[in-house]
Structures are given as structure tokens and as C-alpha cells.
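See below for the structure under consideration.
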4 protein chains.
Amino acid sequence: MPKIVDHVQYRKELLHKSFDLFAEKGYSVTMRQIAQGLGVSTGTLYHYFPSKESLFEQLVVELYEQDILQFGSEIKQANTLSERIEAGFQLLEKHQDYFFKQMMVWIDFSQHQDREGKEYSDVLKQVEEKVYTAMADLLGIADRDLLLFVSSLVDGLIIGQMYGEAPSIARQGKLLAKMLTAYLEKEQRTLN
Amino acid sequence: MPKIVDHVQYRKELLHKSFDLFAEKGYSVTMRQIAQGLGVSTGTLYHYFPSKESLFEQLVVELYEQDILQFGSEIKQANTLSERIEAGFQLLEKHQDYFFKQMMVWIDFSQHQDREGKEYSDVLKQVEEKVYTAMADLLGIADRDLLLFVSSLVDGLIIGQMYGEAPSIARQGKLLAKMLTAYLEKEQRTLN
Amino acid sequence: MPKIVDHVQYRKELLHKSFDLFAEKGYSVTMRQIAQGLGVSTGTLYHYFPSKESLFEQLVVELYEQDILQFGSEIKQANTLSERIEAGFQLLEKHQDYFFKQMMVWIDFSQHQDREGKEYSDVLKQVEEKVYTAMADLLGIADRDLLLFVSSLVDGLIIGQMYGEAPSIARQGKLLAKMLTAYLEKEQRTLN
Amino acid sequence: MPKIVDHVQYRKELLHKSFDLFAEKGYSVTMRQIAQGLGVSTGTLYHYFPSKESLFEQLVVELYEQDILQFGSEIKQANTLSERIEAGFQLLEKHQDYFFKQMMVWIDFSQHQDREGKEYSDVLKQVEEKVYTAMADLLGIADRDLLLFVSSLVDGLIIGQMYGEAPSIARQGKLLAKMLTAYLEKEQRTLN
DNA sequence: AATGAATGAGAATTCATTCAT
DNA sequence: GATGAATGAATTCTCATTCAT
């Protein structure tokens with residue numbers, strides 16, 4: 001009788017465990033280091049993932065799907081746009097380390113794909129689309145430009161941690177909320 | 001007398017030529033590839049740069065110093081804050097490929113340093129400070145939060161190119177200009 | 001189950017096989033040459049030894065431990081000090097090539113460590129202490145100065161092979177035996 | 001008019017200056033390091049010495065010729081064999097660092113030659129012969145074996161510095177003097 | 001005479017992947 | 001299913017020597 005193992009389940013477990021390793025070392029962690037970190041042999045790693053690339057890709061997908069869920073449950077409690085934005089940015093600040101790592105992993109992956117001459121991964125495109133849709137939905141912003149504005153600001157703030165001092169993300173959220181309010185009010189007046 | 005070569009000048013030349021290589025392959029270009037790309041031997045490369053790290057660092061410095069000058073000459077012609085922001089974002093859009101590459105190079109370097117356990121490079125800190133000061137100066141924005149807001153948005157938009165479709169940076173500039181105007185007007189009213 | 005290999009055993013085997021290579025070329029044999037000489041790949045070599053330095057160090061330890069055993073079994077048969085010294089020097093002469101190589105390996109290693117700014121290796125210190133203790137024990141000499149005298153002479157004779165003509169080590173042993181005898185007799189008389 | 005330079009003289013000067021560099025790093029100092037240390041260019045170095053090997057060889061010759069002179073002037077003042085030996089060993093101890101370096105340089109060179117498959121250098125043989133003759137002359141020892149005995153002991157004591165603690169060379173000299181005296185007296189008695 | 005830029009072969013070491021067990 | 005030994009090409013960096021100036 002073979003060991004009873006839920007292949008799919010075990011794969012996910014390995015994936016989650018490997019996040020920190022990738023976050024810490026980027027795409028350049030060696031398969032040996034990952035194997036060691038997971039407490040399995042390299043052989044086993046290759047048994048579950050056909051290649052390092054595949055492992056990395058699956059990891060990215062996992063991460064973002066999980067995030068969308070987290071943000072959803074956190075933001076939905078707020079009612080006005082301002083409140084939602086502030087709530088979102090607070091969450092962002094709370095886990096800024098994590099989001100930073102995650103973004104770096106994403107960038108690492110994109111760059112790596114790019115360098116291999118590979119097309120921008122379909123899998124990534126889907127993840128990205130989901131994130132975008134979720135944002136629109138959660139913040140209740142339909143305007144594409146506005147959405148891009150907010151998400152760019154978020155990306156920029158996350159990236160900002162790279163430069164020495166960590167910026168106050170929550171304060172930036174409040175600033176954004178005020179600006180948006182002022183902007184939308186003015187637009188409203190103009191239309192009338 | 002030795003072969004006549006302006007060491008400093010030639011070094012800069014090599015630096016500029018190597019940008020595309022780093023942009024394309026990231027920090028993982030090999031010294032051999034760089035040497036080949038520059039049409040010199042690896043030995044020569046090491047004659048001018050003590051290590052790959054040093055070469056990379058010097059490259060980053062060069063790039064940003066050059067950029068600050070470019071932005072300076074472009075923006076100073078505009079008068080109002082709105083015009084300046086729009087001018088800046090137009091320049092950003094015009095060379096978005098270049099800025100994207102540049103940011104990726106910066107990120108690559110930071111991550112690499114980080115993984116080596118090295119402190120965030122002093123040289124980089126200086127460059128960063130210069131960029132920040134230049135921004136404050138050119139846009140005439142003194143408020144630290146507002147400055148961070150703008151620069152984060154810019155970073156986010158640049159990074160945004162990573163996701164498939166290139167966003168319209170210029171349009172985002174206009175949006176920012178409007179939002180800022182609305183925000184500042186409202187703040188003004190509030191104070192009175 | 002993995003390939004069945006006794007890691008420890010195989011490591012020792014590789015070690016012994018590599019002696020001639022180090023003896024012949026000194027610390028400057030390349031890892032490639034060693035790998036080739038051992039009939040394994042460089043990768044495998046690094047699988048067993050984390051670095052060239054480590055390989056070298058382990059080799060030195062192996063060598064001297066082996067030697068102490070050899071000398072022990074050879075000398076213990078003799079009874080008087082004179083006989084023991086002569087027996088020891090005969091063994092020395094018999095394998096003078098080997099001992100020369102070995103000393104060169106030791107010197108090479110020490111110098112190499114020194115140049116790297118490393119402390120005189122603890123491992124080496126231990127080996128050295130063992131050798132010294134073994135000598136004192138085998139020859140039955142307790143006086144530290146006398147022991148140093150004999151061991152220095154031995155070192156000098158071994159080194160002497162470097163200069164063209166190989167000296168007659170056995171004859172020097174006899175000379176030492178005579179001198180020691182004369183010296184000890186005289187000391188004895190003086191004390192009375 | 002060319003610079004007036006005594007080629008031979010300048011060569012010697014360079015040679016002496018380069019000793020410390022070789023002593024510190026062994027044969028593996030790079031020609032660049034030497035050039036830098038001497039305050040000349042690599043080109044100039046090659047102008048005076050056809051190769052690294054030649055430079056090294058000439059250095060060894062210089063060193064030993066100088067030493068012979070030093071020992072000569074120091075020892076000649078003593079009259080009896082015992083006194084001469086003690087004087088010699090005192091000098092040895094006084095400059096033990098220097099003699100250690102010097103021996104290491106010699107060994108390095110010999111090994112290097114050996115590995116290149118080159119014959120034991122004629123130049124070295126001559127130096128060696130000179131040293132030997134000088135020793136015989138200074139100590140007034142004609143017996144070849146006895147001479148070898150003393151010189152081996154010296155070599156061994158010098159090498160001994162490699163092992164951690166520096167031995168008391170002077171004390172060993174006294175011991176040697178006593179042993180020699182006892183031995184020679186006994187021989188004398190035997191002959192009568 | 002003197003310079004130092006240029007070379008390129010070769011060094012130690014790493015790493016994704018395979019495969020016999 | 002699981003293991004980890006084995007691979008070898010590729011990486012960064014070094015260095016004696018040459019040669020145009």
C-alpha cells in the first residue's frame with residue numbers, strides 16, 4: 001500500500017512553505033535550499049514540481065489569490081469610499097513587509113520570464129485581472145483611470161519600502177481619500 | 001607614456017554602453033556578456049571596474065544623475081504646478097520604456113544587495129536624496145507627504161508597465177493635476 | 001532510497017587518492033585536476049568537500065594520523081634510546097620522498113592559511129600536538145628542549161632534500177644517537 | 001639625453017625592495033602588486049626583469065649573499081667552536097622572523113620550479129654551495145656529516161616557527177654546543 | 001626608458017536537473 | 001513515492017605578459 005497523500009493538497013502545502021524562501025532570496029534561491037527549507041529532498045521537490053520555474057509560477061498564483069480574499073473580508077465592512085480606502089491602506093501598512101516581499105517576488109518572476117524571452121505569462125494575466133476586478137468591486141470605483149491611479153499609488157508605496165525609510169502608508173491613504181473627495185466634489189459641481 | 005586613454009571618460013562610456021545589457025538581463029548578465037557587448041575583454045572590464053557590483057552601482061548613479069538634469073531642463077519652462085506636473089508626466093510617458101528599465105535595474109540592484117546581507121548602499125541613498133530634492137524643487141512642493149504621494153504614483157505608474165498593457169501616464173498626470181488642484185483649493189477654503 | 005554510498009568512507013577514499021596530486025603540485029593543484037585524478041566530476045568533489053581549503057585540511061590531518069601509527073609500530077620494537085633513534089631515522093630515510101612531500105604539503109597549507117590572514121588552524125595545532133606527544137612517548141624523551149632538538153633536526157633533514165643531493169638520513173641518525181649518548185653521559189657525570 | 005641610471009644598481013634596489021612583498025605573499029604576489037609596491041609600472045618591472053621567475057631567482061641570490069656576509073662579520077669575533085655556535089644561533093634568534101621568511105621564499109621558489117618540471121636551478125645550487133662553504137669556514141667544521149647535522153638543525157629550527165610557538169633558538173644553540181663538545185671529547189678519548 | 005591598458009586562458013565555485021536505488 | 005549522489009556547463013574574478021604610445 002502506498003502512503004496516502006493528497007497530491008494536490010501536499011503540493012499546496014509545499015508552495016506556502018516556500019514563500020519565505022523566495023521572498024528572502026528571490027528567484028535565486030537554489031532548489032537545494034528550497035528542498036532543505038521544506039524538509040524534503042531535491043528529488044521529492046522535482047517529483048511535485050517539474051521545474052523551478054513552475055514552482056515559482058504556482059507560488060505567485062497562490063499568493064495573490066489568497067490576498068484578494070484577505071482584502072475582501074477586511075474592506076467590506078467599511079461603507080464610504082473614504083473609509084474603504086483608509087481601511088485598505090491600513091491593511092497595506094499593517095502587512096507592508098509581506099506586501100513588499102510579494103511584490104518583489106512578482107517582479108522577480110516577470111523579469112525572469114521576460115529574460116527567457118517568454119511571453120508575459122497567461123497565468124499572471126489572469127491573476128492580475130482578478131486583482132483589478134476585486135479592487136474595482138471593493139472600492140466601488142468604476143472609472144478605469146481612477147482605478148489605475150489608486151492601484152499605481154499603492155504599487156508605488158509598496159515599492160517605496162525599498163528606499164530606506166518606510167513611508168507611512170496609512171497617512172498616504174488618508175491623503176488619497178481627501179484628494180479623491182475634493183476631486184469628485186469639484187467634478188460634481190462642474191457637471192451641474 | 002601609456003596608451004592615451006582618458007580613464008574617467010572611457011569609464012563613463014563603458015557605463016553608458018552597458019545600460020542596455022543590464023536593462024535587458026538584469027543583474028544576472030554575466031561579466032562575459034557585458035564585456036562582449038562592450039567589445040572589450042573581461043580583463044579590461046575588470047581593469048575599469050573592480051567588480052560587477054561596483055560596475056552596477058556606478059551605472060545606477062550615472063543614470064539618475066543624467067535623469068535629474070533631463071527633467072530639470074524640461075520642466076523648468078512650465079509655470080504653474082499643473083503645467084509642471086503635466087510636463088513631467090509627458091516626459092515620463094515619452095521615455096516610459098527607458099524609465100521602466102531603469103527602475104528595474106534599481107530594484108534588481110537593491111534586491112541583490114539585500115540578499116548579500118549588505119546595508120542599503122550609501123551611494124544609492126545619496127542618489128535617492130538628490131532625486132527627491134530635485135522633485136521638490138522642480139514641482140515647488142514643500143510638503144513631504146504630498147511629495148511622497150506624487151513620487152509613489154510615479155513609481156507605481158512606471159512599475160505598471162510590467163503588467164501587460166502600458167498605462168497612459170500622461171493622462172494620469174492630468175488626473176493628478178486636477179486632483180491636486182481640487183485638493184489644494186479645498187484646503188485653502190477650509191483654512192479661511 | 002538513495003544511491004548506496006558510505007559517505008564517510010568514500011570521503012576518506014577520495015582523500016587518500018588525492019595525496020599524490022597535492023604532493024606533486026602543492027596547494028596549487030586545481031580542483032579540476034583533482035576531480036580528474038579521482039575520476040569524479042568537480043561537482044561531486046564539492047559534494048564531498050565544501051571547499052578546496054577544507055579538502056586540503058582534511059588531507060593533512062589524515063596523513064599525520066596515519067604516520068603516527070606507522071612510526072609507532074616500527075619503533076616500539078627497539079629498546080634503548082639509541083636503537084629507537086636509529087630505527088626512527090631509518091624509517092625516515094626509507095620513505096624520505098614521502099615525508100618530504102608531506103612536509104611540503106604542510107608548509108603549503110600553513111603558508112596559504114597565513115596569507116589568507118587566517119589564524120593558525122586549530123586542527124593543525126591538534127595534529128601537531130599529537131605528533132609531539134607521540135615522539136616523546138616513542139623515544140622516551142621527557143625533556144622539552146631535547147625533544148625540540150630532535151624534532152628540529154628531523155624537520156631540517158627532511159627539508160634538506162629540497163637542496164639537490166639527498167642527505168643520508170640514517171647516518172645522521174647514528175650521529176645523533178652518538179651525540180645524545182655522549183651528552184647524556186657527560187651530564188650524568190656532572191651531576192655526580 | 002637619457003636619464004642617467006645605473007641599470008645594475010637600480011635592479012638591485014628593486015630587488016631588495018621586493019623582498020618583503022615576496023615574504024608576505026610568497027611566490028603568488030602578482031607582478032602588479034610588486035610594481036605597485038616598488039612604485040613603478042608593470043612595464044618598468046618587465047624592463048628590468050624578463051619574467052617573474054627571473055625576478056624571484058635573482059632575489060634569492062641577493063638575499064643569501066647578503067646573509068653570508070652578515071654571519072661572517074658576526075661570528076668571526078668568537079674563538080671557540082662553542083662560542084661560535086652560540087653566536088650564530090643568537091643571530092639566528094635575533095632575526096628569526098627574517099630567516100623564516102627567507103626560508104619560506106626559498107621553499108616557495110624550489111617548489112615552484114619543481115612543479116614547472118624545471119631542473120633544480122643552477123643558480124640556487126651555487127648559492128647553496130656558498131652557504132655551505134661559509135658555514136664550514138666560520139664554524140671551523142670540516143666533517144661533512146657534522147656540518148650537515150648543524151645545518152639541518154638550523155633549518156629545522158627556522159621551520160619550527162611555522163608551528164605556533166616560536167622555539168628558543170638560542171637555547172637550542174647552547175644545547176648543540178654542549179652536545180658537540182661532549183661528543184667531540186668522547187671521540188677524542190676513543191681515538192687515544 | 002617608462003607607462004599602464006589590454007588580453008584571455010584558467011582559477012574556484014555553484015546549481016538545475018537526472019537517475020540509480 | 002522518495003532519496004541524495006552525480007553531473008558539467010556556467011559564473012565571477014585573477015594574472016603574467018605584451019605592446020602601443
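Because the structure is a prediction, the values reported are computed rather than measured. So you know, we letter chains A, B, ... as the sequences are listed, proteins then strands, and number each from 1.
The two residues C:Ser51 and C:Met31 come nearest to each other via the heavy atoms C-CE, 4.2 Å. Shortest non-hydrogen contact noted between D:Leu59 and D:Phe22 is CD2-CD1, 3.4 Å. When all heavy atoms of C:Gly37 and C:Leu21 are compared, the closest pair comes out as CA-CD1, 4.1 Å. Annotation for A:Tyr163 and B:Met103: closest pair OH-CE, 3.7 Å, computed over non-hydrogen atoms.
Between the CG atom of A:Leu21 and the P atom of E:dA16 there is a distance of 13 Å, given to the nearest Å. Atom CZ in D:Phe49 sits roughly 15 Å away from atom C1' in E:dA1 (whole-Å rounding). In this structure, A:Arg11 atom CZ and F:dG1 atom C1' are separated by 14 Å, rounded to whole Å. In this entry the distance linking CG of C:Leu38 with P of F:dA5 reads 17 Å, nearest Å. Separating the CD atom of A:Gln36 from the P atom of E:dT14 is a distance of 14 Å, rounded to the nearest angstrom. Whole-Å rounding puts the D:Gln33 CD to F:dT17 P distance at 15 Å. As rounded to whole Å, 8 Å separates atom P of E:dT13 from atom NZ of C:Lys52. One atom, CD1 of B:Ile34, and another, P of F:dC13, lie 10 Å apart when rounded to the nearest Å.
Using modelled atom types, one finds no donor on one side chain facing an acceptor on the other under 3.5 Å when comparing B:His112 with B:Glu53.
Considering only the side chain of B:Thr42, F:dC13 comes nearest among F:dA16, E:dA2, F:dC13. With F:dT11, E:dT17, F:dA16 as the choices, the nucleotide that has an atom nearest any side-chain atom of B:Arg32 turns out to be F:dT11.
The nearest heavy atom of DNA chain E to D:Leu45 and to B:Gly39 marks one nucleotide each, and the one closer to the 5' end goes with D:Leu45. The residue among C:Met31 and B:Thr44 whose nearest nucleotide of DNA chain E is located toward the 5' end is B:Thr44.
The side chain of B:Tyr48 places an N or O atom within less than 4.0 Å of a non-bridging phosphate oxygen (OP1 or OP2) of E:dA6. Proximity of C:Tyr46 to the phosphate of E:dC15: no side-chain N or O atom is located under 4.0 Å from OP1 or OP2.
Across every strand in view, E:dA20 sits in a pair with F:dT3 that passes the Watson-Crick or G-U test at under 3.5 angstrom.
Using a 4.0 Å heavy-atom cutoff across all strands shown, A:His47 reaches sugar-phosphate atoms only and no base atom. Counting any heavy atom pair closer than 4.0 Å across all strands shown, B:Ser41 reaches a base atom.
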